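As structure tokens, the structure follows; a few thoughts come after it.
Predicted, not measured: the structure shown is a model, and the values here were computed from it. Below, chains carry the letters A, B, ... as their sequence lines are ordered, and counting in each starts from 1.
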Amino acid sequence: MLPDETGVATSPVRDDQNVQDLVHRAQAGDRQAFGSLVCQYRTGVVNVVYRMCGDAALAEDAAQDCFIRAWEHLHRFQFQPGSTHGFRNWLYRIATNCALNLLRQAKTPHIATIDLANVPVPDPHRSPEGRIEAEERAAAVTQAVLALPDASRVALILREYEGLSYKEIAQTLDIPIGTVMSRLNYARSQLRESLASYLEAEG
Amino acid sequence: MINNDRHTHIQVQAYHDGELSSAQTARVEAHLATCARCRDELAALRSLASLLETAPPAPLRLGQDRFAAQVALQLHRRSPSTPTQQVLRTGWRLIPAILVGVWLFFQTAFLLTSVITVLLALGIGVETLGAALPAGATGLRWVGELGSVLSAIVGRLAPQAAPVMQVISNRLARLSLFAWAANFILPLGIGLFLWSWLAGWMASQRQRFGAGN
């Protein structure tokens, strides 16, 4: 199953035989095969960059750059035995590097300005008061994640939003698993502090 | 296993993330049954995960086909690297190291010959070392002639500077070809190559990351 147009992944894209065939054909120069890979992984890559930088337009542009870079370096990628999401993790490594480059080039610090009107709410059928509350909560959560240090933020995003395991995060970011756990622990501690009021409301 | 606060947090976090083995999971669950603090920690992690889900994904402006089409347009300008291109790219990156290595080699060789020259001047090891140096090593004659011409011109324009110019040109003419190469030509060439390489690298980086974003 492929990610649908609303951006919600209906199921994770695994490195099954189809993906392996596409990657091998793309490595041989088949642009159509690479295009199929772009379609399959577009949502995940855009989301990773978006959650890192907070700007949807920039994220889509950066995601395109990410795929271009993937095309240029495709010859370096190799499937590892026993790895079920090797190509996805390799793409996410490129995506996080693209996002970090974006943040370094930005004139303002990491925190992006979130326009409440542009933060889509998952359930549009709520009451007006409920929608406003949901929008504010969504914006607060997005802002709190963006306020995290880059290293902790990327670990959190890969874990909470993309569902990568500790081992996959460690391979994607090229860091030890212990460091992944430390960064996740730190990120969650920070978020619990900054979102304490919303957590109390939920609890 | 569970013996301090931070370690407890890490274990509970790993349990929450489903990263523990069966045996570890059983031990943590046994601990959770007796420790209210860890149960609260686990509940807090679950609440946080639930709250984080309220942050929506990126609002996609472009449809899937249009996004892929834009990527495909840019792909047309590039192609996957061939082995030859990989070799050239690796060689390009090695250029500074090669240049520095060549400079070091000549500097080392010049230093050694200078040491030998000094020793010979002091009369040490004349029989053995003297045979190691090429006989009749001469300077660049044209430099001496050019120096004389320049001295004459300077002598007409600024008579006080003429003696200085003559001394300089005499000393330059007496330098051996090797000294010229090691001290002037080679460093100049290496410097030019290095600066050119650096300028090319900065231009490629700027092109890759898009200057003026």
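In this structure, chain B has no heavy atom under 4.5 Å from any part of Ala144(A). Heavy atoms closer than 4.5 Å to chain B are found in the side chain of Val145(A), but not in its backbone.
Atom CG of Leu75(B) sits about 5.5 Å away from atom CZ of Phe34(A), to the nearest 0.5 Å. Cys39(A) SG to Asp65(B) CG: the interatomic distance, rounded to the nearest 0.5 Å, is 6.0 Å. Put simply, CD on Glu135(A) and OG1 on Thr54(B) are 12.0 Å apart, with the number rounded to the nearest 0.5 Å. Here CG of Leu184(A) is found 9.5 Å from NE2 of His16(B). Values are rounded to the nearest 0.5 Å.
Across all their heavy atoms, Phe67(B) and Glu60(A) have their closest contact at CE1-O, 3.7 Å. Closest non-hydrogen pair, Pro56(B) versus Ala138(A), comes out as CD-CB, 3.9 Å. Nearest heavy-atom pair across Met181(A) and Ala14(B) is CE-CB, 4.2 Å.
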message = side chain to side chain contact (heavy atoms under 4.5 Å, CB included) for Leu60(B) and Arg42(A)? Distances and angles first, verdict last.
response = CA-CA 10 Å; Leu60(B) 300 172; Arg42(A) 171 190 71 129; 3.6 Å; yes
inquiry  = Working note: Tyr161(A) + Leu52(B), criterion side chain to side chain contact (heavy atoms under 4.5 Å, CB included); need CA distance, chi angles, decisive distance, verdict.
reply    = CA-CA 8 Å; Tyr161(A) 294 108; Leu52(B) 288 175; 3.5 Å; yes
key: Trace of the side chain to side chain contact (heavy atoms under 4.5 Å, CB included) decision for Glu19(B) with Val180(A)   = CA-CA 12 Å; Glu19(B) 292 284 340; Val180(A) 173; over 6 Å; no
task = Tell me, with the steps shown, if Leu51(B) and Leu191(A) meet side chain to side chain contact (heavy atoms under 4.5 Å, CB included).
result = CA-CA 10 Å; Leu51(B) 182 61; Leu191(A) 289 172; over 6 Å; no
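Side-chain atoms of Arg188(A) and Gln13(B) form a donor-acceptor pair, as typed in the model, at a separation below 3.5 Å.
Contacts with chain B were tallied for Val46(A), Leu195(A), Leu58(A), Val141(A); Val141(A) has the most, counting heavy-atom pairs under 4.5 Å. Most heavy-atom pairs under 4.5 Å with chain B, from the set Glu160(A), Arg51(A), Gln32(A): that is Arg51(A).
Taking the charged nitrogens against the carboxylate oxygens, Arg61(B) and Asp61(A) do have a contact shorter than 4.0 Å, which makes a salt bridge. A salt bridge links Glu41(B) with Arg192(A): at least one charged nitrogen is closer than 4.0 Å to a carboxylate oxygen.
Looking only at distances, no side-chain donor or acceptor of Asn47(A) sits under 3.5 Å from a matching main-chain atom of Pro57(B).
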